[in-house]
Amino acid sequence: MSRRWPRGLCAVLLLMAWEAPEARDKPSPPVGRGRKVMDVDAKEYVGTTLPRARVLLEDASGGVHRVDVEVAATPEARTRGLMWRQELPAGQGMLFIFPEEEVQSFWMRNTLIPLDMLFIDSAGKIVGIVENAQPRTLTSRSVGLPGRYVLEVPGGWSRATGIARGGTVRFQGLEGIPVVP
């Protein structure tokens, strides 16, 4: 005995199988069965797009160096940071903003590239720099002085541009970006 599917059901199945052209170009979900990875440390984690801003840093001879940054102003974004990135071009970085000025400490777990970390206080003064932090380590890195911002740039960038402790920093585009504790 043969079974036939009702005509209406066949039409529905055909429509479901055929995707609209714009849906075909969408990336697949990050993990099987359409579930989003919630662990911000996981390689497959896909967070929200971070706001962008600009940091202007003055070198020892008065020259100004511009860094276009992604802004990490939420706990999730600050935790994720630059994990799993394979490159960070010159002139780009990530600016971490903390709710309070206090001693900040960073590690390089799941970070694949060496980074310079510039610790900046609320007044826009560089209070210390950790140069060429070794990737994929759990070593705690801090300058031991209070700061509200940490700028991560490619390893060696600070020395190459003449940016040093005591230098001044200005921010552009941070207005309206909420800092979440």
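Keep in mind that the numbers below use all heavy atoms, side chains included, and drop hydrogens, waters and symmetry copies.
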Closest heavy-atom pair, Met117 versus Val150, reported as atoms and distance to 0.1 Å, is CB-CG1, 4.3 Å
**OP:** Look at the side chain of Arg52 and the backbone N and O of Val71, then say whether any donor-acceptor pair between them is shorter than 3.5 Å.
**Re:** no
When every non-hydrogen atom of Ser142 is compared with those of Gln104, the smallest separation belongs to OG-O, 2.8 Å
- [ ] Please lay out, stage by stage, how Lys125 and Ile120 fare under the test side-chain contact (heavy atoms from CB on, under 4.5 Å).
- [x] CA-CA 5 Å; Lys125 178 181 171 190; Ile120 305 163; 6.0 Å; no
Any side-chain heavy-atom pair of Arg109 and Leu138 under 4.5 Å
yes
request  = Please step through side-chain contact (heavy atoms from CB on, under 4.5 Å) for the pair Val67 and Trp157, ending with a clear verdict.
outcome  = CA-CA 11 Å; Val67 180; Trp157 182 86; 3.6 Å; yes
Sorted by chain and residue number, the salt bridge (charged side-chain N to carboxylate O under 4.0 Å, His left out) partners of Arg136 (sequence neighbours excluded) come out as none
Relative to the ring of Phe106, is the ring of Phe96 parallel (under 30°), tilted (30 to 60°) or perpendicular (over 60°)?
perpendicular
Joint hydrophobic cluster, Ile177 plus Met94, side-chain heavy atoms closer than 4.5 Å = no
Within one Ile-Leu-Val-Met-Phe-Trp-Tyr cluster: Phe119 and Leu115, side-chain cutoff 4.5 Å: yes
Worksheet entry | Cluster link Ile129 to Val69, ILVMFWY, side chain under 4.5 Å | yes
Taken to the nearest 0.5 Å, the spacing of Thr168 OG1 from Glu58 CD works out to 4.0 Å
Closest heavy-atom pair, Ile113 versus Pro135, reported as atoms and distance to 0.1 Å, is C-CG, 3.5 Å
N-O pairing of Glu70 and Arg80 below 4.0 Å:
no
_Using a 3.5 Å distance criterion without hydrogens, assess whether the side chain of Asp116 forms a donor-acceptor pair with backbone atoms of Asn132._
yes
Taken to the nearest 0.5 Å, the spacing of Leu82 CG from Asn110 CG works out to 12.0 Å
- When you measure from the side chain of Glu101 to the backbone N and O of Ser122, does any donor-acceptor pair fall under 3.5 Å? yes
Only one of Leu95, Ile163, Leu57 passes side-chain contact (heavy atoms from CB on, under 4.5 Å) with Val169, and that residue is Leu57
The salt bridge (charged side-chain N to carboxylate O under 4.0 Å, His left out) partners of Arg54 (sequence neighbours excluded) come to Asp68
Just do the side chain to side chain donor-acceptor pair (under 3.5 Å) check on Ser158 and Glu131 with the steps written out, would you? CA-CA 7 Å; Ser158 300; Glu131 293 185 39; over 6 Å; no
Residues Ala77 and Leu50: closest non-hydrogen pair is CB-CD2, 3.6 Å
Around atom CZ of Arg159, are there more than 12 heavy atoms from other residues, nucleotides or ligands closer than 6.0 Å? no
* To do: Kindly indicate, with the supporting measurements, whether the criterion side-chain contact (heavy atoms from CB on, under 4.5 Å) is fulfilled by Val130 and Val143.
  => CA-CA 7 Å; Val130 172; Val143 295; 4.2 Å; yes
For Phe171 and Val55, the nearest pair of non-hydrogen atoms, with its separation, is CD2-CG2, 3.9 Å
### Query
Got a donor-acceptor contact below 3.5 angstrom from the Arg141 side chain to the Thr139 backbone?
yes
Output for pair (Ile126 CD1, Leu145 CG), nearest 0.5 Å, gives 13.0 Å
Say whether, by atom type as modelled, one donor and one acceptor occur between the side chain of Arg66 and the main chain of Leu56 under 3.5 angstrom.
no
Closest heavy-atom pair, Leu88 versus Pro154, reported as atoms and distance to 0.1 Å, is O-CG, 3.1 Å
TODO: Taking His65 for its side chain and Thr161 for its backbone only, find out whether a donor-acceptor pair lies under 3.5 Å.
DONE: yes
